[in-house]
Amino acid sequence: MKAIRHITDTTLLNFAGFMPPKERVEWAGMLDAIGVHEIVMPLCSRRELAACAQVIHTAKQAVYVRMETAQLSKALRMGVTAVFLEIPISYPMIYTNYRKNKDWARKTLLECGELLANTDVVTTLVLADASRAEPCFLESLVQLTAGMRVDKIVAKDLMGIQTLSACAELIGLMLTFGYDLGYEGNDRFGLSVANTIQALRMGALYAGCCLGGLGGGCDLRRLLQTTNRVFDYGINRKGAEQLDRTFKQQYRSERMLRRQDSRNADSCFPG
Amino acid sequence: MIRIIDRTLVILEAFHLEGQPLGEIAELLCTCGANYLEITPSAYRQLGSVQGAQYILRVQSPQEAKAYADCTDIKRFVCKARSDSALRVYPEVKINDIRDFFTVDRFRRCDRVRVCGLADCVLQPISKVFQNLRSMFEGSIEFAADNDCYSATSLTLQWAMLGGAEVVTSFMGMGNMAAFEDVTRLLYFLKGRRSRSALSAVQELEARLTAMLLASESA
């Protein structure tokens with residue numbers, strides 16, 4: 001019997017800048033039709049969220065929010081039912097990307113927890129750049145969420161240089177927290193499919209994927225093709241392959257540009 | 001020390017490129033960090049000498065190696081499922097499934113063996129698979145994972161990180177293999193292999209090869 005796993009689709013999130021709202025709603029409907037478990041969207045207008053909610057029948061709809069109280073408050077005001085709260089978990093992410101420090105990270109996480117405390121919003125913590133996180137710091141931040149109503153935790157690899165053993169180690173550590181786990185790889189160097197499989201094998205229940213491997217995420221079609229005989233994702237595989245082809249045809253040029261950009265971004269590495 | 005064996009020149013033979021561009025690609029591959037270039041006898045004859053290049057010649061039978069025994073730039077010879085240690089010919093063994101291990105027992109005592117296939121390794125406990133692989137062969141192993149499960153680069157990297165000395169790649173993963181440019185970059189970031197100038201050469205090679213393949217395709 002195949003083990004049950006779920007697909008969290010991040011296509012609309014990764015491709016937010018390239019896709020007009022109307023198309024986004026259409027794609028949300030199509031993703032729902034093939035049977036993805038959850039569709040993650042960027043924080044967009046109330047009208048667009050409502051339009052998406054109308055076309056999404058079975059999948060869950062979630063909104064991705066950075067760890068900023070202003071952004072989270074805005075999302076809550078818009079009446080979202082589920083949020084993916086990005087937590088910068090590595091020092092480079094906190095100091096370089098957010099331009100803050102560790103104390104700020106702790107304080108802001110607690111503030112976000114307070115904002116979410118009196119709501120019915122389903123919260124997913126996305127540990128961004130978990131592959132470069134200090135295990136102790138990662139653990140201490142997750143402990144701060146003990147009072148929050150957390151649905152699951154997702155480890156997100158931002159650099160795409162995580163080895164299989166490092167991935168297994170990270171998932172092994174995160175399993176000790178007692179939450180349901182998800183994993184979202186990065187395909188900059190072609191490691192995302194293997195790492196996602198490794199995470200699913202180790203016990204992660206949710207795989208972050210996107211159509212055509214767009215936006216540097218794990219390619220949904222490739223994951224399904226590789227692990228079809230091991231895991232049951234509850235997805236219509238033929239429908240997913242068809243959708244993947246259509247998506248690639250439509251957004252081929254943007255996809256090529258993105259790949260080029262990510263390859264030219266070697267300067268973001270130390271050394 | 002991790003050595004990269006690059007198979008790009010073997011794959012490029014199908015594109016019927018002239019000798020000159022092949023020579024440039026061979027030079028760039030060496031600059032990028034390929035230790036040995038795998039090549040077929042016909043391409044080797046066509047190529048002429050390339051500075052600093054060391055070759056592994058792909059032969060159809062061990063006897064074919066005799067004709068190239070005196071070539072100093074040929075390090076050794078690889079042949080599908082056949083070996084001859086006197087002629088420096090070592091076998092290439094395909095393991096499609098992890099349960100195939102018993103079928104390759106006849107190559108156990110070879111000084112060197114190239115193991116290809118292994119695509120479904122990623123669905124198994126990886127350290128156990130590599131441990132089994134090492135225990136199956138007494139000689140050194142060249143790791144050449146297939147990309148059937150879209151995991152060749154990942155498996156190659158893992159093999160190198162766990163102490164494997166030799167890996168086989170091809171540029172852009174042509175021929176269903178690990179991508180040379182990805183493996184080179186990853187080994188630079190994770191193990192400090194080669195210098196940043198090698199990475200610049202990788203970019204140059206990417207541009208050169210893409211243009212060449214597009215031109216060949218349109219022709």
Side-chain angles (χ1 to χ4, degrees), chain A residues 2-3 5 131-132 157 159-169 171-172 185-203 209 212-213 217-231 256 259-271, chain B residues 97 118-130 145-164 169 172-173 177-207 210 214:
Chain A
K2 293 179 191 175
R5 295 290 185 270
S131 55
R132 288 195 295 176
D157 174 25
M159 306 310 287
I161 56 173
Q162 196 173 29
T163 61
L164 289 171
S165 52
C167 177
E169 211 171 296
I171 297 297
N186 185 303
D187 204 40
R188 181 183 292 183
F189 299 106
L191 305 182
S192 69
V193 176
N195 280 342
T196 305
I197 294 170
Q198 180 78 335
L200 293 176
R201 274 193 54 251
M202 290 296 296
C209 292
C218 175
D219 189 329
L220 175 64
R221 181 186 60 84
R222 289 181 171 186
L223 184 72
L224 294 179
Q225 189 184 333
T226 312
T227 56
N228 193 39
R229 60 194 164 95
V230 191
F231 299 122
M256 299 290 274
R259 187 166 171 80
Q260 197 79 35
D261 287 347
S262 75
R263 290 301 178 91
N264 292 338
D266 289 343
S267 53
C268 60
F269 291 100
Chain B
D97 189 284
L118 298 163
D120 75 340
C121 273
V122 75
L123 300 169
Q124 320 282 336
I126 201 73
S127 50
K128 205 172 167 186
V129 171
F130 286 171
D146 278 0
N147 202 26
D148 290 341
C149 291
Y150 308 103
S151 307
T153 305
S154 197
L155 290 171
T156 303
L157 179 71
Q158 186 66 24
W159 177 258
M161 296 299 284
L162 291 180
T169 62
M172 293 178 185
M177 303 202 69
F180 170 78
E181 69 277 23
D182 287 341
V183 172
T184 308
R185 284 184 173 119
L186 287 163
L187 288 176
Y188 169 72
F189 298 134
L190 295 171
K191 300 273 275 187
R193 184 183 182 272
R194 298 278 159 162
S195 61
R196 199 161 253 279
S197 60
L199 291 193
S200 314
V202 171
Q203 277 187 3
E204 195 186 331
L205 183 61
E206 259 176 347
T210 310
L214 284 175

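So you know, we letter chains A, B, ... as the sequences are listed, proteins then strands, and number each from 1. Quick caveat, the model's predicted, so the values are computed rather than measured.
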Note to self: Working to the nearest 0.5 angstrom, can you tell me the gap between Thr153(B) OG1 and Asp187(A) CG?
What the structure shows: 9.0 Å
Notebook entry, point to check: Looking at Leu191(A), Ile161(A), Leu164(A), which hits side chain to side chain contact (heavy atoms under 4.5 Å, CB included) with Leu157(B)?
Noted result: Leu191(A)
Notebook entry, point to check: Side chains of Met161(B) and Ser165(A): closer than 4.5 Å at any heavy-atom pair?
Noted result: no
Check: Are the side chains of Leu123(B) and Gln198(A) in touch, meaning some heavy atoms are under 4.5 Å apart?
Finding: no
Checklist line | Which atom of Thr226(A) lies closest to which atom of Cys149(B), heavy atoms considered | finding: CG2-CB, 3.4 Å
Notebook entry, point to check: With a 4.5 Å heavy-atom cut-off, do Glu181(B) and Phe189(A) have their side chains touching?
Noted result: no
Check: Between OH of Tyr150(B) and CD of Gln225(A), what distance do you get to the nearest 0.5 Å?
Finding: 3.5 Å
Checklist line | Proximal component of Arg201(A), with respect to chain B [non-hydrogen, under 4.5 Å] | finding: side chain
Check: Which atom names give the shortest non-hydrogen contact between Ser154(B) and Asn195(A), and what distance separates them?
Finding: OG-OD1, 4.2 Å
Margin query: A quick test of your reading: do over 12 heavy atoms of other residues, nucleotides or ligands sit less than 6.0 Å from NZ of Lys128(B)?
Written below: no
Checklist line | Residue selection (most heavy-atom pairs with chain A, distance under 4.5 Å) from Leu186(B), Leu162(B), Asp148(B), Val183(B) | finding: Leu186(B)
